[in-house]
2 protein chains.
Amino acid sequence: MLGSMSMDVGELTKGERTRAAILHEAARLATVGGLEGLSIGGLAKATGMSKSGLYAHFGSKEELQLATVEAARVSFMKEVVAPAIQSTGAGRARLRALCDGFLSYVERRVFPGGCFFVVTSAELGSRPGPVHDRVALYQRQWSGALLEAARAAGANGELPAGVDAEQLAFELGALLAGTNIVTVLHSDADAVERARVAIARRLEI
Amino acid sequence: MLGSMSMDVGELTKGERTRAAILHEAARLATVGGLEGLSIGGLAKATGMSKSGLYAHFGSKEELQLATVEAARVSFMKEVVAPAIQSTGAGRARLRALCDGFLSYVERRVFPGGCFFVVTSAELGSRPGPVHDRVALYQRQWSGALLEAARAAGANGELPAGVDAEQLAFELGALLAGTNIVTVLHSDADAVERARVAIARRLEI
DNA sequence: CCTACCGATCGGTAGG
DNA sequence: CCTACCGATCGGTAGG
């Protein structure tokens, strides 16, 4: 009790800080080598810990993978989704902000291999299991955020005539994922610019 | 010389047939577990061979990976590119046929994990080396095929007013890659239908 | 193409 | 959180 009095609300214990630093490194490694390619020994070396130290935190490789996915989700929410929601009202401007936020997130290389969820969706797409399901859940939530914004835009009368919100949200999501792959594969920043042009034209902004 | 007289042109020797069967299985495994996840031992079990039998064919894991990429390219050319070129003249119809051929190829699950080059582009995007470079080369050739068809369509006056061929080819390529990821991740055939709608509208066909 | 083997690394555990 | 260890599997080789 006395010990806990020295912590302000929102501060992290030493163990929590260590855990967060491990997971940040794990997410970085996973965008380069995949979640299956992530090894306990490699992560131990990268964080300066022992393997068994990591097992003390996570118990198993699968638990580490799941915790890494959670950490990547927190990062994605903070870097992409939250700024778009805070800076715009529901509708076309928010849809645009979500797309631009994603492209900026890729361009800034928040993770060295690009978007964590594009890489792991491609990696785990046909590998059933709990990690697949978690990645698929968060991918659906991202698609859901695009769809919600598109529907609000439609309800606001902000979409071009004849544009269906579900179709639009799908096309934007697929474009962003495809752009991430091409950008990283060819270290080609032009792809991000082309995606911005596509988005602006589709939204007539 | 006498031995070779029993082979017609285009026939394969026993060693060549074995090699082709190994690489077909390797490409299948790689679309599920990745080219790095492809192990010599696992491939040996899947093909009923010994590990050293595989080394006799390929020499090293990297050579096996490169040979697998080549085999996947042959499959992609045969399944997607060649039919589009044979069935259409240069221009908008060919661009449409390339896109539809890709979607059909994903839908038919020629490989269990979807398009080999989408999976490996995402996997190797930020892992430099000869295998990355080969995958990137063939991805560029695919983009080039889309671009060539789009330019011919523009020259034919078959594109909607104000549509730039390079921009169009980029958008279609990104859409197809993104569609592959979503389709496989969620086992969702609706995504392919949405992609077809998007393509038809973009090409006004 | 095979058996038999190599050192290194894998995920994971015992015991502290 | 550590050292020290486990069996299994990794990529690769020797010798045939």
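All values reported here derive from a predicted model rather than from experimental measurement. Letters go in sequence order (proteins before strands), and every chain restarts at 1.
- Heavy-atom minimum distance, A:L98 versus A:A149: CD1-CB, 4.2 Å.
- One interatomic measurement links the two molecules: OH of B:Y55 to P of C:dC5, which rounds to 18 Å at whole-angstrom precision.
- A salt bridge links B:D100 with B:R96: the closest approach of a Lys/Arg side-chain nitrogen to an acidic carboxylate oxygen falls below 4.0 angstrom.
- Backbone-only engagement by A:S39 is indicated by non-hydrogen atom pairs under 4.0 Å involving sugar-phosphate atoms exclusively.
- Overall, the helix from C:dC1-D:dG16 to C:dG16-D:dC1 carries an axis bend of 0° between its ends, with five pairs at each end and the value rounded to 10°.
- A straight line from CG of A:L43 to C1' of C:dG12 spans 15 Å, rounded to a whole angstrom.
- In this structure, CZ on A:F76 lies 4.0 Å from CH2 on A:W142, to the nearest 0.5 angstrom.
- Straight-line distance from the NZ atom of A:K51 to the P atom of C:dA14: 14 Å, rounded to whole Å.
- Side-chain atoms of A:K61 and base atoms of C:dG12 include no donor and acceptor less than 3.5 Å apart.
- Within the model, atoms CD of A:Q167 and CZ of A:F170 stand 7.0 Å from one another, a figure rounded to the nearest 0.5 Å.
- Rounded to an integer number of Å, the gap from CE of A:M49 to P of D:dT3 is 11 Å.
- Nearer to the 5' terminus of DNA chain C, by closest-nucleotide assignment, is the contact made by B:I22 (compared with the other of B:I22 and A:G59).
- Not a single donor-acceptor pair under 3.5 Å links the side chain of A:R202 to the backbone N or O of A:L168.
- Atom CD in A:E36 sits roughly 12 Å away from atom C1' in C:dG11 (whole-Å rounding).
- No hydrogens or angles were tested; on distance alone, nothing pairs the side chain of A:S52 with the base of C:dT13 as donor and acceptor under 3.5 Å.
- A donor and an acceptor atom, one from each side chain of B:Y55 and B:E63, are nowhere located under 3.5 Å apart.
- Rounding to the nearest 0.5 Å gives a distance of 5.0 Å between CD of A:E79 and OG of A:S75.
- One atom, CD1 of B:I40, and another, C1' of C:dC5, lie 17 Å apart when rounded to the nearest Å.
- Between the P atom of D:dC2 and the CG atom of A:L54 lies a distance of 8 Å, rounded to the nearest Å.
- Remark: A:T18 is in phosphate contact with D:dC1, judged by side-chain N or O atoms under 4.0 Å from OP1 or OP2.
- Per the geometry, CZ belonging to B:F58 stands 13 Å off P belonging to D:dG12, to the nearest Å.
- Using a 4.0 Å heavy-atom distance criterion, B:L38 is classed as a sugar-phosphate-only contact.
- Contact check, A:S50 against D:dC2: a side-chain N or O comes under 4.0 Å of OP1 or OP2.
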